[in-house]
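Below is one structure, written out as structure tokens; the observations come after it.
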There are 2 protein chains.
Amino acid sequence: MAKHDPQLDLLFHALADPTRRMMLNRLARGPAPVTELAEPTGFKLPTILRHLAVLEAAGLVATQKDGRVRSCAFQPAALRPMAEWMEEQRRLWEGRLDRLDDYVTRLMKERET
Amino acid sequence: MAKHDPQLDLLFHALADPTRRMMLNRLARGPAPVTELAEPTGFKLPTILRHLAVLEAAGLVATQKDGRVRSCAFQPAALRPMAEWMEEQRRLWEGRLDRLDDYVTRLMKERET
DNA sequence: ATCATGCTTAGCCATATCGCTAACCAATCC
DNA sequence: GGATTGGTTAGCGATATGGCTAAGCATGAT
């Protein structure tokens, strides 16, 4: 368990914006150039480009230029740290229940004696 | 599929901060008063209180006052929308692979003729 | 060569975020 | 009552975020 994982900062922060989630949603269906990515959002290109930079920083999207077109591709593997974090919380939470369970068990044993 | 789910904004934003994740991590082990929550972070109470407000806004933590002590409790159910969002991306992504698969299959059939 | 297209960079503005201190309740405790 | 403890509110300063316009650059089409 990392004490302070900057990767998670980037990941969660990237996903905290509806525009960026919309872009990801589009990319999950397949690669797309920047312009096509921008179109449904109604925002101007520079704005979209900055969002794209955030997504890239989080590793969620990889891009490359073919001629003058930049193609963007979703990187599903980038979601893993998030899934792992969730799993850790679940483990802790259930650990808590287990301990509570132990406590109850102990209480009942004491009552039996 | 919601077009713009503000709940996800709150959720992801709440999780995008290491201090807030540390607080959640503590709470996943069981409820705690504000002061105990603040201690390991090294931050002052007002700061922690604001982080706590963000966690509450996201539904991740519920609090109540007993006397002068405010007890904070982790609300694991709040993570569900996030899990569902992840699941949706996965579905989209695998849908894409399926279509790619169809494409390959079609190509091979055409080659057979 | 010229023009249109697609992206890119620089920089502005408004707002939000994150830390703090200072001051202020409200419930114990002596 | 008076002090202490736990929390709360108000407000400040530095920085980050999210939108924009204007201008630049590189490639593809004519």
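Per chain, numbering begins at 1; letters A, B, ... match sequence-line order.
- Each of C:dT8, C:dC18, D:dG19 was ranked by its minimum atom distance to the side chain of B:D17; first place goes to C:dC18.
- Here the C1' atom of nucleotide C:dA22 and the CG atom of B:L45 are 14 Å apart, to the nearest Å.
- Mapping A:K44 and A:H13 onto DNA chain D by nearest heavy atom places A:H13 at the nucleotide closer to the 5' end.
- Between B:F43 atom CZ and C:dT17 atom P there is a gap of 17 Å when expressed in whole angstrom units.
- Rounded to an integer number of Å, the gap from CD of A:E36 to C1' of C:dT5 is 15 Å.
- A salt bridge between B:E87 and B:R90 is present, with a side-chain N of the basic residue lying under 4.0 Å from a carboxylate O of the acidic one.
- Within the 4.0 Å cut-off from OP1 or OP2 of D:dC20, at least one side-chain nitrogen or oxygen of A:T47 is found.
- Relative orientation of the A:W85 and A:F12 rings is perpendicular, given thresholds of 30° and 60° on the angle between their planes.
- Cluster membership for A:V54 and A:I48, using ILVMFWY side-chain heavy atoms within less than 4.5 angstrom, is not shared.
- Closest heavy-atom contact between B:A32 and B:L27: N-CD2, 3.8 Å.
- Ring geometry for A:H51 against A:F43 counts as tilted: the plane angle lies between 30° and 60°, on a 0 to 90° scale.
- We find that CD1 of B:I48 is positioned 14 Å from C1' of D:dG6, with the value rounded to whole Å.
- Residues A:V69 and A:V61 are members of separate hydrophobic clusters, defined by side-chain heavy-atom contacts under 4.5 angstrom among Ile, Leu, Val, Met, Phe, Trp and Tyr.
- In this structure the side chain of B:L79 reaches within 4.5 angstrom of the side chain of B:L60, judged on heavy atoms.
- At a threshold of 4.5 Å between non-hydrogen side-chain atoms, the residues B:L15 and B:M82 count as touching.
- Rounded to a whole Å, the CG atom of A:L37 is 14 Å from the C1' atom of C:dG6.
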Tabulate protein N/O versus nucleotide N/O from nucleotides 9-12 of chain D, keeping only pairs under 3.5 Å, one per line.
none

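- Of the candidates B:M23, B:M22, B:R21, B:T19 forms a side-chain contact (heavy atoms from CB on, under 4.5 Å) with just one, namely B:M23.
- Put simply, CG on B:D9 is 13 Å from C1' on D:dG18, counting in whole angstrom units.
- Within a heavy-atom distance below 4.0 Å of DNA chain C, the residues of residues 51-73 of chain A found are A:K65, A:R68, A:V69, A:R70.
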